[in-house]
Amino acid sequence: MLAAYAARFSPDDPAGALEVGERPAPEPREHWTTVTVRAASINHHDVWSLRGVGLTEAQLPMILGCDAAGVTDDGAEVVVHGVIGADGHGVGPREPRSILSERYPGTLAERVAVPTANLIPKPAELTWEEAACLPTAWLTAYRMLFHGADLKPGQSVLVQGVGGGVASAAIALGAAAGLEVYATSRSEAKRAAAVEMGAVAAVEPGARLPRRVDAVIETVGRATWKHSIASVRNGGTIAIAGHTTGDPDPALLTRVFFHELRIQGVTMGAREDLAALMAFLVRTGLRPTIDSVHPLARAHDAVARVVSGDQVGKVVVTA
C-alpha cells in the first residue's frame, strides 16, 4: 500500500526526512480493525517525529499520522481515535499509552489498523476532510478548554499562536461555546483570520490584553510563556499541550505560586471526548478551518506546509 513514512531523522529539514512509497499493509490482529483511509491530517507530532523526537532509529521506517477518517471492510464510516493503550483495549492492561505512529504504524497510508474500540461512527454531516481534522488537534483543543481549563460560557481565554491546528480549533470552539476569546500572532493576516474564527480581538505576541483572562491555551512554549503568565488572572489556569518553540526559560515559578496559577497538561483526549466533540460540531454547525488539502502522493508538500508555519487551520491529506 502507499504510505508516507519517516525514513530517517532530520532536525533541520524534517520534511526532507519523509518518503512516500510502498509499505506492507496491516495484517489481521485480534480485537483490531483495518480502516481504508479517506483522509488524514498533519500534526506537529509528525514534524517532531521526523526530527527524531519520540522515535528511535530501530523503529524506522515508521508510517506517520495520528488521526484519520475512513471506511471499515464492512462499510462503516468511522473516525479513528489515535490514542492506543490508555484503557487496555486491543493491547492489554500493562502496555503504556502511545499515539499512532509512535509504537504502531500511523494513518498517512491507504490503510491503517487500530483497536476496534478506537473507532467512532463518523457523523454524516461531516466531510472526510473535516472529520480527519478532529482526533488530534481539535480533540486536544476541546479537552484543553472544557476539561483542562474547565471554562464555562461567559469566561475569557487567551489562545497563543494563531495558525496551528490546536490554536485555530481552540478559537473556534471557544467562540462557539460562548467564551470571550483573545488570540496572538506575529502575522497581521493571521490576526485577522482569528477574528473571523470568532476571537473578540487578536494582538501581537506580548501585547497587553484589556484584562487578565480566566485561562490561557498554550502550545508555543518559550516564545509566549512570559506573556501567558502575565495575562492570566490570579487563580487562573494555563492549559498546555505542546511547546513548539521549546521549554520556557525561565519558568517564572515565583509568579506561578504567588498568584496561585494552575498549570494543566493535556495530551489529546478520551474516545468519549471525541464523540462529544463531533456531536458539538453537528449541533452548532461549526466546522474545522482547513488550510489546504494534498493527495497522499504529495504528503511531503503537506508536511512542508506545517513546517513553514504559514498555515491557518489544518493541513489535510487524502488517500
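Keep in mind it's a predicted model, so treat the numbers as computed, not measured.
Not a single donor-acceptor pair under 3.5 Å links the side chain of Trp128 to the backbone N or O of Ala69. Checking side-chain atoms of Arg271 against main-chain N and O of Asn118 turns up no donor-acceptor pair under 3.5 Å. The backbone N or O of Val315 lies less than 3.5 Å from no partner atom in the side chain of Asp291, so there is not a single donor-acceptor pair. Side-chain atoms of Thr72 do not come within 3.5 Å of backbone N or O of Val35 as any donor-acceptor pair. Between the side chain of Ser101 and the backbone N or O of Cys66 there is no donor-acceptor pair closer than 3.5 Å. Judged by distance alone, with hydrogens and angles left aside, the side-chain atoms of His31 form no donor-acceptor pair with the main-chain N or O of Pro115 at under 3.5 Å. Looking at His81, its side chain does come within 3.5 Å of a backbone N or O of Gly269 through a donor-acceptor pair. Arg191 contributes a side-chain N or O that, together with a main-chain N or O of Ser185, makes up a donor-acceptor pair within less than 3.5 Å. Without hydrogens or angle criteria, Ser231 side chain to Ser228 main chain gives no donor-acceptor distance under 3.5 Å. The closest donor-acceptor contact from the side chain of Thr107 to the backbone of Asp67 lies under 3.5 Å.
Remark: Arg255 CZ is packed, more than 12 non-hydrogen atoms of other residues, nucleotides or ligands lying under 6.0 Å away. For Arg97, the CZ atom is loosely surrounded, since the number of other residues' heavy atoms within 6.0 Å does not exceed 12. No more than 12 heavy-atom neighbours from other residues, nucleotides or ligands sit within 6.0 angstrom of CZ on Arg186. Around the CD atom of Glu27, the shell of radius 6.0 Å holds no more than 12 heavy atoms that belong to other residues, nucleotides or ligands.
Clustering ILVMFWY residues whenever any of their side-chain heavy atoms sit less than 4.5 angstrom apart, transitively, puts Ile217 in the very cluster that holds Met197. Note on Ile290 and Met278: separate hydrophobic clusters, where clusters join Ile, Leu, Val, Met, Phe, Trp and Tyr whose side-chain heavy atoms are under 4.5 Å apart, directly or indirectly. Hydrophobic clustering, with ILVMFWY side chains joined whenever heavy atoms are under 4.5 angstrom apart, keeps Ile120 apart from Val114. Hydrophobic clustering (ILVMFWY, side-chain heavy atoms < 4.5 Å, transitive): Val83 and Val91 are in distinct clusters. In the hydrophobic clustering of this structure, Val216 does not group with Tyr142; members are Ile, Leu, Val, Met, Phe, Trp, Tyr whose side-chain heavy atoms approach within less than 4.5 Å, directly or through other members.
When every heavy atom of Leu261 is checked against every heavy atom of Gly235, the shortest pair comes out as CD2-N, 4.1 Å. Of all non-hydrogen atoms in Ala141 and Ala170, the two that sit nearest each other are CB-N, 3.6 Å. Closest of all the heavy-atom pairs between Ala270 and Leu139 is O-CD1, 4.2 Å. Heavy-atom minimum distance, Ile42 versus Val306: CG2-CG2, 3.6 Å. Gly198 approaches Ala175 most closely through the heavy-atom pair O-CB, 3.6 Å. Here the closest heavy-atom approach between residue Arg8 and residue Leu60 is recorded as CA-CD1, 3.7 Å.
Residue Leu55 holds its CG atom at 4.5 Å from OG of Ser49, rounded to the nearest 0.5 Å. How far OG1 of Thr254 is from NE2 of His259: 10.0 Å, rounded to the nearest 0.5 Å. Thr237 contributes atom OG1, which lies 11.5 Å from atom CG of Leu145 (distance to the nearest 0.5 angstrom).
In this model, no donor atom of one side chain and acceptor atom of the other lie less than 3.5 Å apart for His243 and Glu218. A donor-acceptor pair shorter than 3.5 Å cannot be found between the side chains of Thr219 and Gln160. A donor-acceptor contact closer than 3.5 angstrom is absent between the side chains of Glu204 and Thr184.
Salt bridge Arg111/Asp73: present, at least one basic N to carboxylate O contact under 4.0 Å. In this structure, Glu130 does not pair ionically with Lys314, as no charged nitrogen and carboxylate oxygen lie closer than 4.0 Å. Electrostatic pairing of Arg233 and Asp214 counts as a salt bridge here, judged by a charged N lying under 4.0 Å from a carboxylate O. Look at Glu129 and Arg38 and you find no salt bridge, because none of the NZ, NE, NH1 or NH2 atoms lies under 4.0 Å from a carboxylate O. Taking a cutoff of 4.0 Å between a charged side-chain nitrogen and a carboxylate oxygen, Lys152 and Asp150 qualify as a salt bridge. Remark: Glu180 engages Arg211 in a salt bridge, criterion side-chain N to carboxylate O under 4.0 Å.
Counting heavy atoms from C-beta outward, Ser168 and Val162 have side chains that stay 4.5 Å or more apart. Taking the side chain as every heavy atom from C-beta outward, Arg287 and Glu125 approach each other to under 4.5 Å. Put simply, the side chain of Ser10 does not reach to within 4.5 Å of the side chain of Leu50, judged on heavy atoms.
If you look at Trp48 and Phe9, their ring centroids are not closer than 6.0 Å.
A tilted orientation is assigned to the rings of Phe280 and Phe146, their planes being inclined by 30° to 60°.
Its side chain within the 4.5 Å cluster rule, Tyr5 clusters with Met1, Ile63 among the Ile, Leu, Val, Met, Phe, Trp and Tyr residues.
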Assess the residue pair Ser292 and His294 against the criterion (side chain to side chain donor-acceptor pair (under 3.5 Å)); give the C-alpha distance rounded to whole Å, side-chain angles, the decisive distance to 0.1 Å, and a yes or no. CA-CA 7 Å; Ser292 54; His294 307 258; 3.0 Å; yes
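Annotation: cation-pi geometry satisfied between Arg29 and Trp32 (NZ/CZ under 6.0 angstrom from ring centroid, within 45° of ring axis).
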